[in-house]
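The structure appears below as structure tokens.
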Amino acid sequence: LLAIADALVATQSKRRRRPMVRIAAVLAAIVATALIALVAPWPGRSGGFPARALAALGDGQVIHVVSVSTVPEESVVDIATGAATPIQEQTETWFDGTRGLERIVSSRGGAVVDEELQTPQGTWTESGRVYTCAWIASHPAQATAARVSCDASGVNGTTPHTVPEPRPALDPALAGFVTGYRDALASGAAVLDGDGTVEGQPVEWLEFASASASQTERVAVDKQTLKPILVDTIIGGQVASEWRIASIETVGPQGVDFSRPSVVPAGERPTAASTTSRTSVSTTDAAAALGGPLLTPGTEIDGLPLADTAIEQIDTGYGGGVPDTQGTGVEQIYGGSSDPTPAAPYVRIDESTTPQDLYGFGGPMAPVPAAGTMAATSLPVLAGPGGGQATPTGAFVWRGRLTRAGMYVSIETTSRQLLLDAARALQPAGRG
């Protein structure tokens with residue numbers, strides 16, 4: 001519940017860390033989608049097609065899927081040219097329905113950023129055991145000490161109760177695939193949607209409705225291998241997400257690694273960051289606070305005047321009894337104070353001599369960009385009544401991260417062009 005709340009607040013506050021997005025549920029739907037497509041009754045096909053499609057997967061106990069996609073609204077930008085390269089994300093899943101085991105490994109740019117193991121005894125990640133309602137019921141005192149609860153009041157009591165952990169399952173459709181869901185597909189939930197090609201490969205498209213009335217899925221199945229190679233999610237008539245199925249197969253349980261992820265030692269990954277003080281100063285004083293010089297676009301950027309320069313004292317927490325660390329950063333604001341619902345253009349530049357989590361650096365999800373490039377993302381600005389559901393305002397905030405002259409720089413603007421112009425205009429100033 002706290003993670004969900006953080007995810008909502010992160011889109012509205014520049015001072016909240018953006019949580020790691022778990023994509024297990026998304027991948028589960030993709031895997032289920034692909035498998036449904038393979039066993040669905042295609043009009044005009046002979047009765048032997050389902051058997052041939054299933055044979056293409058093999059008859060192993062463990063389902064193994066590798067899917068690839070681009071990260072929505074994120075890219076690596078060449079600062080000089082403005083050319084953007086999408087960030088590739090890969091998710092690899094092993095699922096053993098017989099033993100109730102599921103392992104998911106997520107990577108970006110070839111580097112592992114998240115790992116999760118689900119078992120009938122609970123779920124584990126690189127941070128350790130995931131707090132579930134079953135674990136909280138069995139360990140009320142420990143849960144209270146960890147400040148977690150499944151009760152809205154936050155009260156866990158003191159008497160342990162045995163509550164079974166939910167058995168891991170990718171999706172009801174996938175569970176049906178391994179236990180006889182084929183018969184249910186005779187209802188015609190999946191329909192043939194024409195021929196086509198995907199990157200030169202002849203495919204047949206299959207379309208079926210999802211749980212949401214406004215959402216459908218289209219799966220491209222290779223005509224030769226009879227395996228899915230692409231999954232599109234359609235919302236409101238537009239492609240909302242696209243996943244490439246790099247491989248899908250079934251294998252035997254021998255040799256499949258279902259061990260728990262190695263726990264990242266406390267202190268290696270920040271859990272929270274905040275500004276403890278902020279003092280408006282001159283450019284010279286700001287440079288002195290950082291050991292100089294300061295990277296700045298100057299007194300204005302694209303007609304937006306420099307409104308404020310401030311020294312920030314930063315506190316970064318790690319949890320697990322690890323002491324907090326303190327750091328120093330400088331913030332420059334152009335065009336007036338930045339606001340979660342920007343009514344006018346602005347540029348906010350934060351920088352420090354060390355990679356500050358508060359400024360978007362740190363952790364596997366936010367690697368340091370190569371020299372001459374900038375990690376860029378755009379986020380919709382949400383607004384809503386207090387306690388109500390947030391809704392899009394139509395405005396976007398653009399954020400970029402880069403390194404230059406030994407400085408770790410984070411830029412937030414109200415347009416992509418402002419983001420590029422600000423990054424290009426940064427020059428050392430304020431020395432001495």
Side-chain angles (χ1 to χ4, degrees), residues 12-16 77-80 82 273-315 326-361 368-369 371-379 381 393 395-432:
Q12 303 177 61
S13 172
K14 72 185 179 72
R15 286 307 186 205
R16 294 298 300 270
V77 177
D78 183 295
I79 297 174
S274 61
T275 301
T276 58
S277 69
R278 186 180 188 281
T279 306
S280 295
V281 296
S282 66
T283 298
T284 301
D285 289 342
L290 295 179
L294 178 74
L295 289 179
T296 176
T299 58
E300 64 90 24
I301 176 70
D302 289 2
L304 300 177
L306 176 62
D308 188 34
T309 299
I311 298 173
E312 297 187 321
Q313 299 303 321
I314 303 168
D315 181 271
Q326 283 68 49
T328 299
V330 168
E331 180 176 75
Q332 301 170 82
I333 295 179
Y334 292 79
S337 298
S338 57
D339 187 274
T341 55
Y346 71 84
V347 175
R348 179 170 62 85
I349 302 173
D350 295 311
E351 60 188 279
S352 178
T353 56
T354 56
Q356 294 294 331
D357 186 68
L358 184 68
Y359 295 162
F361 292 90
V368 177
T373 69
M374 173 172 56
T377 183
S378 64
L379 299 172
V381 177
T393 63
F396 283 82
V397 167
W398 288 82
R399 292 176 181 165
R401 294 181 298 106
L402 60 99
T403 59
R404 185 179 298 173
M407 292 291 188
Y408 295 82
V409 184
S410 174
I411 306 174
E412 180 178 289
T413 71
T414 46
S415 74
R416 185 178 189 274
Q417 191 60 52
L418 267 177
L419 181 64
L420 283 171
D421 290 346
R424 293 166 178 166
L426 290 176
Q427 295 294 331
R431 186 191 298 272

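FYI, the numbering just counts along the sequence from 1.
For I411 against A422, the heavy-atom pair with the smallest separation is CG2-CB, 4.1 Å. Of all the heavy atoms in V77 and L420, the pair that sits closest is CG1-CD2, 3.7 Å. For the residue pair P345 and L418, the shortest heavy atom distance occurs at CB-CD1, 4.2 Å. Closest approach of P428 and L295 over heavy atoms only: N-CD2, 3.8 Å. Between F361 and V368, the shortest heavy-atom contact is CD2-CG2, 4.4 Å. The two residues T353 and L290 come nearest to each other via the heavy atoms CG2-O, 3.3 Å.
Side-chain atoms of E412 and S410 form no donor-acceptor pair, as typed in the model, at a separation below 3.5 Å. Side-chain contact check for Y334 and T296: at least one donor-acceptor pair (N or O, by modelled atom type) lies under 3.5 Å. Defined by atom type and a distance below 3.5 Å, a donor-acceptor pair is missing between the side-chain atoms of D315 and T276. A donor-acceptor contact closer than 3.5 angstrom is absent between the side chains of E312 and S277.
Rounded to the nearest 0.5 Å, atoms CG (L294) and OG (S282) are 10.0 Å apart. Note that CD1 of I314 is 5.0 Å distant from CG of L358, once rounded to the nearest 0.5 Å. A distance of 8.0 Å separates CG in D350 from CD1 in I333, rounded to the nearest 0.5 Å. Between Y359 atom OH and E331 atom CD the span is 6.5 Å, to the nearest 0.5 Å. Put simply, CZ on R401 and OG1 on T377 are 9.5 Å apart, with the number rounded to the nearest 0.5 Å. To the nearest 0.5 angstrom, T413 atom OG1 is 7.5 Å from Y346 atom OH.
Here the side chains of V330 and M407 are not in contact, with every heavy-atom distance at 4.5 Å or above. Side-chain contact between L426 and L402 is present, with heavy atoms from C-beta onward closer than 4.5 Å. No side-chain heavy atom of I301 sits under 4.5 Å from any side-chain heavy atom of Q332.
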Legend entry - side chain to side chain donor-acceptor pair (under 3.5 Å) between Q313 and T328, intermediate numbers included: CA-CA 5 Å; Q313 299 303 321; T328 299; 3.3 Å; yes
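Without hydrogens or angle criteria, R404 side chain to V409 main chain gives no donor-acceptor distance under 3.5 Å.
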